[in-house]
Amino acid sequence: MAQISLTFPDGNARSFDAGVTPAQVAADISTSLAKKAISATVNGQHWDLQWPIDTDSTIALHTLKDDAQANELIRHDLAHIMARAVQELWPDTKVTIGPVIKDGWYYDFDRAEPFTPEDLGVIEKKMRDIINKREPVTTEVWDRQRAIDFYTNNNEPYKVELIDAIPGDEPLRMYWHGDWQDLCRGPHLQHTGQVPGDSFKLMSIAGAYWRGDSDRAMLQRIYGVAFTGKEKLKQHLNMLEEAAKRDHRKLGKEMGLFHMQEEAPGQIFWHPNGWRIYTLLQDYIRRQQDRGGYVEVNTPQVVDRKLWEKSGHWDKYQENMFIVEVDEDHAREKAVNALKPMNCPCHVQVFNQGLKSYRDLPLRMAEFGSCARYEPSGALHGIMRVRGFTQDDGHIFCAEDQIEAETALFIDFLSKIYADLGFTDWTIKLSTRPEKRIGSDETWDHMEKALGEACRAAGHDYELLEGEGAFYGPKLEFTLTDAIGRTWQCGTIQVDANLPERLDASFIGQDGNKHRPVMLHRAVLGSFERFIGILIEEHAGKLPFWLAPRQVVVASITSDADAYVNEVVETLRAQGIRAEADIRNEKINYKVREHSLGKVPVILAVGHREVEERTVSVRRLGDKRTSVQSLEDVTKTLATEATPPDLL
RNA sequence: GCUGCUGUAGCUCAGAGGUAGAGCACUCCCUUGGUAAGGGAGAGGUCGAGAGUUCAAUUCUCUCCAGCAGCACCA
């Protein structure tokens with residue numbers, strides 16, 4: 001038999017018969033390793049212990065201690081074990097797919113009866129039974145027809161469809177957990193007992209479309225989380241609990257920032273504290289835009305459908321627009337209008353006033369543009385996905401050869417703002433030409449390259465989303481993460497050669513001829529609403545001092561201090577600090593507790609001592625210590641802290 | 001929009017086929033207390049909306065509305 005050479009991580013190489021499996025290699029090293037091994041990495045590829053190795057290779061054996069591989073296998077095996085448990089419990093259930101995801105896995109089932117939350121416990125128990133049986137995991141390679149026949153006979157149409165979708169005619173791999181079979185690429189563990197039975201949990205049931213297609217069957221998806229040990233599971237569940245406390249919807253209520261109600265779904269009633277954050281943020285962004293060479297405009301809310309027809313939005317997004325019809329009795333002529341779902345067409349109208357020269361470009365036009373979109377009911381989410389929102393919108397009208405420079409400038413602009421607002425952890429995605437698109441391939445080549453290069457020039461990596469671009473041009477998306485790890489697109493910059501064409505924007509070039517400008521749609525925050533939601537979650541409500549809606553509460557300890565409390569408040573306010581008095585007939589403990597829960601960054605307590613010494617007792621949010629300082633010092637310190645970072 | 005779940009006092013929630021309860025918040029009284037809840041009293045609800053079943057519905061059924069989780073969507 002032919003020999004092959006396997007090189008281990010320590011650099012040693014040994015010779016084995018060709019076709020040796022990692023399981024045999026492990027057994028050859030020691031019986032304990034043979035027991036503990038879960039998989040191998042062979043030539044950089046995650047490899048099942050049962051798969052033969054036919055050529056000279058590098059090999060590393062894994063145990064449960066190798067988190068990356070262990071998690072993948074545990075989660076993947078649990079997906080199979082769960083599917084088996086479900087089919088044993090409810091044999092009429094059809095199986096589909098069950099991939100590994102962050103922290104766990106899910107599996108989609110087709111079953112007439114809905115799963116109930118109680119079912120999760122039943123399934124979990126069944127899964128533990130399967131794990132305890134320590135049943136072997138085996139694998140075979142089947143030819144396609146055999147697989148198709150098998151699933152056809154077993155009435156598993158989804159599996160048949162999956163096989164049909166696998167390109168080529170290469171043979172297919174099958175896995176068995178005990179005698180339960182699933183089509184699967186692998187790798188898997190050696191037996192079900194290798195899954196730690198105490199380190200997983202079924203989390204939730206939800207609907208999901210077969211193959212992600214809303215025209216197809218709605219399946220039932222069960223989500224689970226799994227880790228290599230009980231402690232890690234506990235940590236994860238703990239983290240989720242903590243994250244729930246940072247939910248902007250919860251904090252928004254607790255801090256009195258805003259509310260929403262049935263009569264205006266997807267729209268926000270901003271309360272004084274929330275609106276304070278909003279206006280502070282807006283003031284800040286406006287200063288940045290002024291510095292960044294933008295001109296600010298404001299355009300109509302209600303615009304005749306004719307403009308939307310011209311821009312193409314009427315065709316494509318009519319169902320998602322708020323249509324406004326004016327009663328004929330009261331209007332001179334009947335017109336159909338729409339609340340603007342976006343600002344771009346209006347900005348082109350402003351651009352189109354008067355002849356523009358190449359000397360006017362790049363023209364950076366900004367608007368805090370209030371938009372209304374009739375978002376599908378299921379898409380609404382707190383203040384992050386709403387029907388009425390305001391974008392920090394902007395359109396840069398420029399020549400094609402200015403795209404890259406303007407994009408680079410924008411990335412720099414955005415990075416500074418995100419840093420000022422406390423975000424360091426954000427990602428860029430570059431979405432490229434979709435199948436259905438307008439414009440020549442050369443133009444697309446140029447536009448995509450410009451965006452990508454600008455990114456790299458600014459020192460940022462990006463994730464490539466092929467085919468995800470808009471039909472009119474590629475885009476960069478700047479993504480932030482919320483409390484529980486969901487990602488949200490906030491900033492964006494998109495190249496658009498389409499709208500200037502449709503709305504006939506032009507400028508006179510150096511050659512004296514008319515040219516089409518390119519439009520760069522761009523936003524830093526995306527929308528104030530979404531961004532404030534993220535901001536609240538990122539800071540767990542403890543906003544940076546300059547953005548905190550309530551900065552200082554001056555609390556009396558005895559009523560004898562009331563007059564001095566008011567004096568302190570006035571002194572602070574004179575320095576532009578948002579200070580308020582709390583001279584209620586309550587104990588200082590009570591006041592401290594209440595304002596701490598309200599996320600007030602600084603509590604100044606004053607009693608007899610402070611009145612006499614003209615001092616205040618300073619207590620910072622999240623810190624139990626207090627320090628007595630002179631009113632003068634505190635005022636100075638807080639005034640500095642209250643200054644927005646761009647004005648320091 | 002789809003699947004599932006939820007909707008009771010300002011908030012967080014309990015409850016049962018016979019028109020409702022707790023804690024906190026609120027109002028008043030007592031208390032002037034030194035850094036995360038002092039004590040007492042009071043007020044507060046068409047039980048999301050509409051229809052049906054029933055002697056009787058907030059409770060059961062249906063429809064609608066809104067919210068939550070996920071999916072789909074996101075110009």
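Values in this document were obtained by computation on a predicted structure and should not be read as measured data. Numbered from 1 within each chain, the chains take letters A, B, ... in sequence-line order.
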To the side chain of [X], which of [options] is closest?
{"X": "A:K475", "options": "B:U35, B:A75, B:A69", "value": "B:A75"}
{"X": "A:S596", "options": "B:A69, B:A36, B:G4", "value": "B:A36"}
{"X": "A:P376", "options": "B:A75, B:U35, B:A72", "value": "B:A72"}
{"X": "A:H608", "options": "B:C73, B:C71, B:G34", "value": "B:G34"}
{"X": "A:K253", "options": "B:A72, B:C11, B:A75", "value": "B:C11"}
{"X": "A:T558", "options": "B:C73, B:G38, B:U32", "value": "B:U32"}
{"X": "A:N589", "options": "B:C73, B:G70, B:U35", "value": "B:U35"}
{"X": "A:R249", "options": "B:G7, B:A69, B:A72", "value": "B:A69"}
{"X": "A:M342", "options": "B:A37, B:A75, B:G48", "value": "B:A75"}
{"X": "A:R584", "options": "B:C73, B:C26, B:C65", "value": "B:C26"}

Can you find a donor-acceptor pair, distance only, under 3.5 Å between [X] side chain and [N] base?
{"X": "A:S559", "N": "B:U32", "result": "yes"}
{"X": "A:E610", "N": "B:G34", "result": "yes"}
{"X": "A:Y209", "N": "B:G1", "result": "yes"}
{"X": "A:R373", "N": "B:C74", "result": "no"}

Using atom [atom1] in both nucleotides, what's the gap between [N] and [M] to the nearest angstrom?
{"N": "B:G42", "M": "B:A66", "atom1": "P", "value": "41 Å"}
{"N": "B:C13", "M": "B:A20", "atom1": "C1'", "value": "14 Å"}
{"N": "B:C62", "M": "B:C24", "atom1": "C1'", "value": "37 Å"}
{"N": "B:C64", "M": "B:G4", "atom1": "P", "value": "13 Å"}
{"N": "B:U12", "M": "B:A37", "atom1": "C1'", "value": "16 Å"}
{"N": "B:U58", "M": "B:G7", "atom1": "P", "value": "16 Å"}
{"N": "B:A57", "M": "B:U53", "atom1": "C1'", "value": "10 Å"}

(message) Can you measure A:R385 atom CZ to B:C71 atom C1' for me and round it to whole angstrom units?
(response)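 Rounding to the nearest Å, CZ of A:R385 and C1' of B:C71 are 13 Å apart.
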(request) Establish, with yes or no, whether the OP1 or OP2 oxygen of B:A36 is under 4.0 angstrom from a side-chain nitrogen or oxygen of A:R619. (result)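 Indeed, a polar side-chain atom of A:R619 lies that close.
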(request) Output yes when at least one side-chain N/O atom of A:Y590 is less than 4.0 Å from OP1 or OP2 of B:G34, else no. (result)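 False: A:Y590 side-chain N/O out of range (4.0 Å or more) of B:G34 OP1/OP2.
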(message) Can you tell whether the side chains of A:E586 and A:R593 come within less than 4.0 Å, N to carboxylate O?
(response)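 A:R593 and A:E586: not salt-bridged.
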(message) Regarding A:R211 and A:D213, does a basic nitrogen lie under 4.0 Å from an acidic carboxylate oxygen?
(response)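 Judged by the 4.0 Å cut-off on N to carboxylate O distance, A:R211 and A:D213 do not form a salt bridge.
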(request) Measure centre to centre between the rings of A:Y317 and A:W308, then say whether the value is under 6.0 Å. (result)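 Centroid separation for A:Y317 and A:W308: 6.0 Å or greater.
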(request) Give a yes or no on whether the ring-centroid distance for A:F531 and A:F423 is below 6.0 angstrom. (result)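 Yes, they do, as the ring centres are separated by less than 6.0 Å.
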(request) Indicate whether any N or O donor in one side chain lies under 3.5 Å from an N or O acceptor in the other, for A:Q349 and A:T299. (result)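 No, A:T299 and A:Q349 have no side-chain donor paired with an acceptor closer than 3.5 Å.
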(message) Let me spell it out: for each of A:K591 and A:D213, pick the nucleotide of RNA chain B with the closest heavy atom. Which residue's pick is nearer the 5' end?
(response)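 Looking at RNA chain B, the more 5' nearest nucleotide goes with A:K591.
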(message) Here's a test of your reading of the structure: between A:M218 and A:E477, which maps to the more 5' nucleotide of RNA chain B?
(response)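 The residue mapped nearer the 5' terminus is A:M218.
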(request) Could you tell me whether the side-chain ring of A:Y317 sits stacked on the base of B:A75, using a centroid cut-off under 5.5 Å and a plane angle under 30°? (result)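 Stack criterion met.
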(request) Measure from NZ or CZ of A:R75 to the centre of the six-membered ring of A:F227 and say whether it is under 6.0 Å with the direction within 45° of the ring axis. (result)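 Geometry flag: set, cation within 6.0 Å and 45°.
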